[in-house]
Novice: 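For reference, the structure I am asking about is given below.
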Amino acid sequence: MSEAVGIVGVMRPRDTTAAAWNVQVDAYRDLDGPRRVEIAFELSEMVFELTRRGISDRHPEYDEETTTLAFFRLLHGDELFRAVWPDQPLVAP
């Protein structure tokens, strides 16, 4: 296995040493399934929050509803966004 790959199919981030990556991978491997799922959900929530903050930072004129629409458009794409909210504008994320 390549030194840059710690988990099958997952490349080690460039800003992480091989030793640090291996420690992180070993820590995840030591967790039971439910805890891994919990961490996955926590990380997803963090990414969603960072994405929403990024939209708000780029568009300070957006209110909370507009930020949410921009987030869903970014997350799901124009076709699904338009199917769910046909009367809403396609606001820029």
Side-chain angles (χ1 to χ4, degrees):
M1 181 182 300
S2 165
E3 182 181 2
V5 178
I7 302 173
V8 176
V10 178
M11 296 287 297
R12 174 175 46 92
R14 292 181 186 173
D15 65 348
T16 305
T17 66
W21 178 248
N22 289 333
V23 168
Q24 182 176 0
V25 168
D26 289 342
Y28 284 131
R29 285 185 178 139
D30 288 342
L31 298 174
D32 63 5
R35 180 63 182 131
R36 286 184 193 180
V37 170
E38 184 179 346
I39 289 171
F41 278 108
E42 289 170 1
L43 291 172
S44 292
E45 287 296 322
M46 288 171 42
V47 169
F48 289 166
E49 182 57 31
L50 286 171
T51 303
R52 289 178 61 86
R53 285 185 194 175
I55 292 168
S56 292
D57 288 349
R58 285 188 301 278
H59 302 283
E61 72 279 9
Y62 286 3
D63 60 15
E64 188 173 339
E65 180 181 354
T66 305
T67 299
T68 298
L69 291 171
F71 173 74
F72 284 127
R73 180 182 179 205
L74 180 65
L75 186 64
H76 300 294
D78 289 351
E79 185 177 345
L80 183 56
F81 179 91
R82 187 54 69 216
V84 175
W85 292 285
D87 299 327
Q88 293 294 332
L90 291 174
V91 292

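Computed from a predicted model, the values in this text were never measured in an experiment.
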Novice: Tell me yes or no: between the side chains of R12 and T17, is some donor less than 3.5 Å from an acceptor?
Specialist: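 There is no such pair (donor and acceptor under 3.5 Å, judged by atom type) between the side chains of R12 and T17.
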Novice: Would you find more than 12 non-hydrogen atoms of other residues, nucleotides or ligands less than 6.0 Å from E49 atom CD?
Specialist: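 Counting other residues, nucleotides and ligands, CD of E49 exceeds 12 neighbours.
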Novice: Looking at side-chain heavy atoms only, is the closest gap between I39 and Y28 below 4.5 Å?
Specialist: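 Of all side-chain heavy-atom pairs linking Y28 with I39, at least one is under 4.5 Å.
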Novice: Taking atom CZ of F71 and atom NE2 of H76, what is their separation to the nearest 0.5 Å?
Specialist: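 Result: 7.0 Å between the selected atoms.
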Novice: Please report the interatomic distance CH2(W21) to CE(M11), rounded to the nearest 0.5 Å.
Specialist: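 Taking CH2 in W21 and CE in M11, the distance rounds to 9.5 Å.
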Novice: Quick check against the 3.5 Å criterion: does R82 have a side-chain atom that pairs as donor or acceptor with the backbone of W85?
Specialist: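 Checked: pair present.
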Novice: Using a 4.5 Å cut-off on heavy atoms from C-beta on, say whether the side chain of R73 contacts that of V91.
Specialist: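 No, too far: nothing below the 4.5 Å cut-off.
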Novice: Within this structure, what is the CD-CG distance for the pair E38 and L43, rounded to the nearest 0.5 Å?
Specialist: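 If we round to the nearest 0.5 Å, E38:CD and L43:CG are 10.5 Å apart.
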Novice: For the pair H59 and Y62, name the ring-plane relationship: parallel under 30°, tilted 30 to 60°, perpendicular over 60°.
Specialist: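 Because their plane-to-plane angle is under 30°, the rings of H59 and Y62 count as parallel.
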Novice: State the CG-OG1 distance between L75 and T68, to the nearest 0.5 angstrom.
Specialist: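 Answer for the CG-OG1 pair, L75 versus T68, is 11.5 Å.
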Novice: How long is the straight-line distance from OG1 of T67 back to CZ of R58, given to the nearest 0.5 Å?
Specialist: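 Those atoms lie 10.0 Å apart.
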Novice: About how many Å separate CD of E45 and CG of L50, when rounded to the nearest 0.5 Å?
Specialist: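 Here the rounded value is 11.5 Å.
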Novice: Check whether R36 reaches the backbone of R29 with its side chain - one donor and one acceptor, N or O, closer than 3.5 Å.
Specialist: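 Yes; at least one donor-acceptor contact below 3.5 Å.
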Novice: Does E42, at its CD atom, have more than 12 non-hydrogen atoms belonging to other residues, nucleotides or ligands within less than 6.0 Å?
Specialist: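 Result for CD/E42: enclosed.
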